[in-house]
Amino acid sequence: MEQTGRGIWGSRLGFILAAAGSAIGLGNIWRYPYITGQNGGAAFVLLYVGCVFLIALPVLIAELSLGRRTTLDPVGAFKALSPSKKWPMVGYLGVITGIGILSFYAVVAGWTLGYIVRTIIPSTEDFAQFVANPFEEIGYFAAFLLLTMFVVLGGVEKGIERWSKFLMPALFVLLGALIIYNLTLPGAGAGIEFYLKPDFSKITASTALAALGQAFFSLSLGMGTMITYGSYISKKENIPISGASVAIADTTIAFLAGLMIFPALFSVGMEPTQGPALVFNVLPAVFAQMPAGNVISLAFFILLAIAALTSTVSLLEVPVAYMVDQKKWSRKKATVVVTAATFLIGLPSALSQGTVEWFSNLTVFGQQGVLSIMSFVFSDLSLPIGGFFISLFVGWVWGVDKAYQELLLNTSPMMAKILSLWGIFVRYICPLVILLILVSKILGI
Ligand code: PFF
């Protein structure tokens with residue numbers, strides 16, 4: 001099963017599950033509902049789904065092809081396919097973005113650990129007090145980074161694939177059960193209306209950028225994660241089908257998470273615009289009134305922590321693969337050093353939830369607090385910018401013809417026909433739409 005000593009996925013399903021494991025995480029269950037809440041609900045949901053299938057899916061297929069063709073990390077992949085020294089910068093941007101996202105993501109993932117503990121040992125602190133407590137914030141943040149480090153040290157197949165196998169079905173069942181329960185709550189109808197009845201006057205350049213950024217974030221795109229994961233796919237795999245399966249699974253889970261949260265939110269009378277605290281405020285309020293709420297709460301936060309872990313592992317994997325492939329570091333050294341650096345970079349985010357006033361009140365790009373600023377810079381700016389350059393590179397530099405040679409392996413003639421559209425998307429539509437959205441946001445349209 002070893003290929004050039006780098007490791008390879010154990011099976012076809014193994015790859016889809018692992019890529020879906022990277023895609024499905026806090027992005028679906030924590031970030032998607034609060035971004036939807038901040039951006040006015042249903043109209044945003046439509047924009048989001050459009051961004052996933054029209055922009056992000058073609059970029060996903062481009063990243064997977066790049067990875068499988070080169071079997072390299074993101075920096076190496078660009079170096080291998082282009083003589084120019086400039087293109088590998090897209091890979092470097094990905095390595096930095098991976099560390100940037102992991103630094104705040106692991107803070108939120110730490111909250112899920114905290115909520116597992118709080119379900120077992122009840123606490124009198126509410127969410128705001130919990131996140132403002134520096135010992136808990138830093139402790140859980142560090143614990144989550146260590147968990148991630150141990151999984152990454154275990155290597156690709158053993159570490160990542162094993163976790164993903166039971167995660168998705170379990171998450172699916174639990175979300176289904178919670179949706180049914182929450183829909184019966186008094187006042188749930190207003191939540192459904194907010195979530196599913198679009199008001200198009202709510203769409204602005206900011207909403208469009210938020211939808212695009214969320215699509216990239218949720219599918220783990222624009223920073224080379226899927227180049228790295230693609231580099232572990234065997235040649236027997238069919239890339240378009242795998243890519244589409246991942247996009248569908250990811251979007252379904254996000255959509256269900258919204259269906260779970262908004263009826264409950266309106267039922268308990270909270271604000272949809274409250275930001276990162278949303279899920280952590282709403283769900284415990286619902287669990288508290290549920291029969292066997294404690295058991296459900298425990299199951300929910302354990303699943304959320306595992307979903308987060310399969311994503312943090314893929315975030316750490318990008319800088320680690322770069323150090324191992326390009327700098328010839330041992331896997332162990334790369335993993336330990338990158339984890340330690342991420343911890344230091346993440347401290348301001350961890351302390352920005354009411355602990356240190358300056359970190360909590362700092363406002364840039366309309367985002368208040370270091371954690372929200374990091375989330376905006378790395379998810380809404382860095383990922384779409386990365387996606388823009390990846391589509392330009394595959395469309396025009398490496399060239400769609402060469403990409404097609406990789407993509408069409410193991411596809412049916414029917415599929416090949418559908419795929420001829422993909423070339424138009426990566427060459428024209430993806431870069432143009434991304435540019436348009438970024439420029440209109442900068443111009444404040
Ligand atoms: N897709 C993950 C989520 O939705 O939680 C977050 C993520 C993982 C983003 C890996 C980017 C990435 F490279």
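The chain is numbered in sequence order, starting from 1. Note that the structure is predicted; figures quoted are calculated from it, not measured. Just so you know, ligand 1 is whichever comes first in the structure, and atom 1 is the first atom listed for that ligand.
Residue F287 qualifies as enclosed at atom CZ: its count of foreign heavy atoms under 6.0 Å is above 12.
Closest approach of Y229 to S314, counting heavy atoms only: OH-CB, 3.1 Å.
The aromatic rings of Y92 and Y322 sit perpendicular to each other, their planes meeting at more than 60°, with 30° as the lower class boundary.
Using a heavy-atom distance under 4.0 Å as the criterion, the protein contacts of ligand 1 are S22, A23, G25, L26, G27, N28, Y105, F217, S218, S220, M223, T225, S311, S314, L315.
W111 places none of its side-chain heavy atoms less than 4.5 Å from the side chain of Y140.
Side chain to side chain, S220 and S22 meet the donor-acceptor criterion of an N or O pair below 3.5 Å.
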query: How far apart are the C-alpha atoms of F172 and L256, what are their side-chain angles, what is the distance that settles it, and do they pass the side chain to side chain contact (heavy atoms under 4.5 Å, CB included) test?
result: CA-CA 9 Å; F172 207 76; L256 292 180; 3.9 Å; yes
